[in-house]
Amino acid sequence: MSETTIERDRTAQRPNGIGADAPRKEDDRLLRGDGRFTDDVDPARALHMAVGRCPFPHARILAVDVSAASELEGVRQILVGADVARRSEPISVLRPVPGAPPLPFYALAQDVAVFEGQPIVSVVATSRAIAEDAVELIEIDYDPLPHVSDTIGALEPDAPVLHPGVLSSNLLATNPQGAGEPEERMAQADVVVEDRFHINRVTGLPMETRAIVAQWRPGARELTVHHSTQVPHLVRKQLAESLRMVEGEIRVIAGDVGGGFGLKLGVYPEDVLACLHAIDLRQPVKWVEDRLEHFRATTHARESVHDFRIGATADGRILAMTNTYTTDLGGLNSPFGSAQLSTIVFTGPYKVEDGYVERRVAITNKTPIGAYRGYGQPEVNFARERLIDRLARRVGKDPLELRRQNMLRPEDLPFRNPGGGLYDSGDYLATLELVVDAVDYDGLRRAGRGPRPDGRLVGVGLTSFVERTGYASAKFLANRGSQFGAHESVTLRANRSGGIDLYTGTPTFGQSSETAFAQVCASVIGIDFHAIRVHAGDTGATPLNTGAFASRTMIAAAGALKQASERLRDKALRIAAWRLERDGVEGLAIDGDVVRDPDDPGRSIALAEVFTAAIIGQGIPIGEEPGLEATAHFEPEEAAYAFGSAAAVVAVDPETGDFAIERFVMSHDCGVAVNPLLVEGQVQGALAQGFGAALSEDLTYDPDTGQLVNGTMLDYFVPTAADIPEVELHHTAVPSPVTTFGVRGVGEIGTIPPGAAIANAVCDALAGEGVELTALPVTPERVWRALQQARNRSETS
Amino acid sequence: MSDTVEITVTVNGTVHREQVSVREHAADFLRHTLGLTGTHVGCEQGVCGMCTVLLDGQAVKACLLLAPQLDGHEVETVESLAPGEELDPLQQAFKDAHALQCGFCTPGFLMTATALGREGRALSRDEIRDELAGVLCRCTGYEHIVTAVERYLAETPARERADV
């Protein structure tokens, strides 16, 4: 702890070092339109792929006739299911569902397709337009099968079993977790509140869709793949497995990536297809997903049903929590599958020692679910925080008082919660008090809920939450069968210009890792931030790593960056001392582009000279190895938990259900911020996705046809600049004791509070009517229906 | 009937005479024929705004135009903003305000705001939000984009902008 503090104090003084709002390294190329996204890669003689997809949610493929399509001028190759089964292996899962049998699937459906949008055939032609024309000419004879769209309905005894060869029902797995004696505590409770909460199916919708360019050099046995991914080294592993190749033959390059949010984690069927075509045709093959494909073939997220229960004493002390929840997997198991983190944070920031949580995974005929920013944490937060408010009303307390009463205090930490999470440190209540003060909670309470002159009812809603960031350890991941580690890696290499090349397998997709990594190096080494050049995302150049997801990059990378920087710095100083004819490195320090002599401030040696001496091995101390580079791998000892609170103030029209969010205040603690401006950007951005999921985004399947009814950009309502309420952000900064520099992850926390805070505010405004919302998104229609229901109830009772 | 047509179009001050497919949209033409890959494609139905360019000075969505419709017109893309070493004041405002993350939507916002700046109107924050609502962003939450455009409009006199 103390060492971390000292390190921070010493490094904070560096310009553009840790703690500074350093300008982003990524910005200039992106602002000039000179980014290099995958579709910007246009190799000569490139061919283009189009994919024919199943239009039904569940269908047997009886026959595929490609004869007319293959005669179309410009068509070069068509692959059908049997081709890929012969030539490739099923796509592997990176993060298996514990206890679940594998559900192997090939890049093209074999006999049966299990979701609308599943690839059935692929065509490569001289242009995308011709390839799409060819897809239209392919005759596919389908026998539509009974389908299941509803998450809970999938588990009913009469539901059609979707993977009959592997399972006898659509329940893929059940994962229980708990601690203490929750049922005994529930039995002792004076009050038990419980309900079923429905979380909507949404999608991260990165502005750049998925894309791949595959090139094969048969003589060299070299497959080069430009790919829009968050995890190039994991894509390389999965491609090698599916293509029956060795990893050394595959180079994956993630250039600039236009947003990921968890959707670009690993290999999708189209990646395998493009590579197979490129290998057969010996020409580059490009595929860029169009937006209609994206809505059906890129992973969705969040859909789940939570049966949450809280037991408490008559004065509101929480005795136990339980949550049995069912996640919707969709038709197949994507590389990450449905959310797993609803388990680990289900009790939130409250002092709950007795709890039980059970995750069930249901298979349906819908697009596969995958990771998305938050990965289970916004979902369970909605269920728990809605019930906390209801418990408060039941015991006659204000929701604020009930939260204060039950919240973990700093002295309670570290704390192992019943979901298995180990909260490292923090002052959770401080974040709640921050938002309560900022929003003037007491003033709002004094003003009352009565109608304003405009007829609207005002409500205020609170939520407090924790967020797991990073992974506990490789051991934790191994127990769950995960195919990746908890560490990160970095290589630093000095160059003769006096700069440092930084190599990382973490690609650039908006999270600003190029900038933040360089800030850490600048701090530790003392070199000018601008002299560090970041090379990201090319497996041919970067050390093997895990990748960017789970808010884990800086959690793990900070340690690798620190160690590599120290090693490179120390060697550079030894060489500089020798060249300055000093006995040791004592007092020597790198300062921008020179190493200064502490005894003679006017005397210095240029870094370019030191680095060149090392690189060519001339003029270095006897016994010192030539070369100046360092690679480090680092695994943090535990996951770090970020935390925060939020308050929403809404004004609801009790006739129409329309409501306006008049204020939204959030406080968060992401530990030590490497770059506070970037942290704010991450929180703002995640909040906007949280607002979308809370207010308008809702992928809807027609129960009769099983088809996605709003799978276009026009019909799926992501927030625009005009839809986001002005947000007021506050923060605290409690350093985490389990990470280097005390950082906590920051990328996802903003997705957590909007649903709970807004729904609680609407229900607070309508408390007089007895409205309790239990589903997302909170739309005016849903509020209106809840009002009608509540009024009907009170009329009949 | 031929499926290509010859067009003459001025893009960022350079006159191009090109044979284009009649079914190709303008964004694909700019990207893959002229190599101006700063104009991005996000939905091809005129919703997301990634492909926003200026057509005779007006912000338009290039995916809703066919390449042949560019014949005889003048197009400005994001590549025109900073011809030299220095960023344009709008680009600098975006950088200073941390108004971009993945950067995929950024050209769309820059071209929309460029057109807005040339109009020389004073705009409130809410009006800026409405003006920018034709371009989507999933990374930033818009706050910093609105701030960047607000500062740009406030700091650059209308006359000067018209001269650019």
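Because only heavy atoms are used, hydrogens play no part in the values below, and waters and symmetry mates are left out as well, while side chains stay in. The shown structure was predicted, so the numbers you read here are calculated from the model rather than taken from an experiment. Throughout, protein chains are lettered first and strands after them, A, B, ... in sequence-line order, and every chain is numbered starting at 1.
- If you tally non-hydrogen atom pairs under 4.5 Å between each of B:Val135, B:Leu110, B:Leu132, B:Leu87 and chain A, the highest count goes to B:Leu87.
- Residue contact with chain A, scored on non-hydrogen atoms closer than 4.5 Å, involves the side chain of B:Tyr142 exclusively.
- When each of B:Pro107, B:Cys43, B:Ala97 is scored by its heavy-atom pairs under 4.5 Å with chain A, the top score falls to B:Cys43.
- Comment: A:Asp40 engages B:Arg31 in a salt bridge, judged by a side-chain N to carboxylate O separation of less than 4.0 angstrom.
- Neither the backbone nor the side chain of A:Thr508 comes within contact range of chain B; no heavy atoms are under 4.5 Å apart.
- No side-chain heavy atom of A:Leu729 sits under 4.5 Å from any side-chain heavy atom of A:His731.
- With respect to B:Arg125 and A:Glu726, a salt bridge is recorded, a charged nitrogen being found less than 4.0 Å from a carboxylate O.
- For A:Leu687, no part lies under 4.5 angstrom from a heavy atom of chain B.
- Proximity to chain A (any heavy atom under 4.5 Å) is shown, for B:Gln91, by both the backbone and the side chain.
- Of the atoms belonging to B:Gln45, it is side-chain heavy atoms, and not backbone ones, that fall under 4.5 Å from chain A.
- Contact annotation for A:Phe261: only side-chain heavy atoms (C-beta onward) come within less than 4.5 Å of a heavy atom of chain B.
- Residues A:Leu263 and A:Arg210 form no side-chain contact, since every pair of their non-hydrogen atoms from C-beta on lies 4.5 Å or further apart.
- Proximity to chain B (any heavy atom under 4.5 Å) is shown, for A:Gln511, by neither the backbone nor the side chain.
- Between chain B and the residues A:Gly259, A:Gly204, A:Ala686, A:Pro23, the most heavy-atom pairs under 4.5 angstrom are made by A:Gly204.
- A 6.0 Å sphere centred on NE2 of B:His73 holds more than 12 heavy atoms belonging to other residues, nucleotides or ligands.
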Just do the salt bridge (charged side-chain N to carboxylate O under 4.0 Å, His left out) check on A:Glu132 and B:Arg23 with the steps written out, would you? CA-CA 13 Å; A:Glu132 289 187 10; B:Arg23 65 197 251 185; over 6 Å; no

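- Here A:His300 contributes atom NE2 and A:Glu697 contributes atom CD; the two are 11.5 Å apart, rounded to the nearest 0.5 Å.
- No donor-acceptor pair closer than 3.5 Å links the side chain of A:Glu26 to the backbone N or O of A:Gly510.
- Here B:His98 is the residue among B:His144, B:His98, B:Glu143, B:Glu24 with the most heavy-atom pairs under 4.5 Å with chain A.
- Judged purely by atom type and a 3.5 angstrom limit, B:Glu74 has no side-chain atom pairing as donor or acceptor with the backbone of B:Thr10.
- When atom types are taken as modelled, the side chain of B:His40 and the backbone of B:Met50 share no donor-acceptor pair closer than 3.5 angstrom.
- Contacts of A:Val727 with chain B are made by backbone atoms alone, with heavy-atom separations under 4.5 Å and no side-chain atom involved.
- Between chain B and the options A:Leu678, A:Asp34, A:Asp290, A:Thr209, heavy-atom pairs under 4.5 Å are most frequent for A:Leu678.
- Interface residue A:Glu208: backbone and side-chain heavy atoms are both found under 4.5 Å from chain B.
- Remark: A:Asp39 engages A:Lys286 in a salt bridge, criterion side-chain N to carboxylate O under 4.0 Å.
- Using a 4.5 Å cut-off between heavy atoms, A:Asp42 contacts chain B through its side chain alone, with no backbone atom that close.
- For A:Phe37, the part lying under 4.5 angstrom from a heavy atom of chain B is the side chain only.
- The part of B:Thr140 that comes within reach of chain A is its backbone (N, CA, C, O), which places non-hydrogen atoms under 4.5 angstrom from that chain.
- Side-chain contact check for B:Asp71 versus B:Thr8: some heavy-atom pair is nearer than 4.5 Å.
- Of the atoms belonging to B:Asp28, not a single heavy atom falls under 4.5 Å from chain A.
- Taking 4.0 Å as the cut-off between side-chain N and carboxylate O, A:Asp256 and A:Arg29 count as a salt-bridged pair.
- Neither the backbone nor the side chain of A:Ser127 comes within contact range of chain B, judged by heavy atoms closer than 4.5 Å.
- Interface summary for chain B: among A:Val718, A:Thr720, A:Val288, A:Leu714, the most heavy-atom pairs under 4.5 angstrom belong to A:Thr720.
- Using a 4.5 Å cut-off between heavy atoms, B:Glu86 touches chain A through its backbone atoms (N, CA, C, O) alone.
- In this structure, A:Lys25 forms no cation-pi arrangement with A:Phe517, as its terminal cationic atom is not both closer than 6.0 Å to the ring centre and no more than 45° off the ring axis.
- Of all the listed residues (A:Gly692, A:Gly258, A:Ala688, A:Gly35), the one sharing the greatest number of non-hydrogen pairs under 4.5 Å with chain B is A:Gly258.
- With a threshold of 4.5 angstrom between heavy atoms, A:Pro507 does not approach chain B through any atom at all.
- No other option in B:Gly38, B:Cys48, B:Cys102 has as many heavy-atom pairs under 4.5 Å with chain A as B:Cys102.
- With a 6.0 Å radius and a threshold of 12 heavy atoms from other residues, nucleotides or ligands, A:Arg663 has its CZ atom above the threshold.
- Interface residue B:Leu100: backbone and side-chain heavy atoms are both found under 4.5 Å from chain A.
- Proximity to chain B (any heavy atom under 4.5 Å) is shown, for A:Leu292, by neither the backbone nor the side chain.
- Interface remark: A:Glu289 contributes no atoms to any contact with chain B (heavy atom separation under 4.5 Å).
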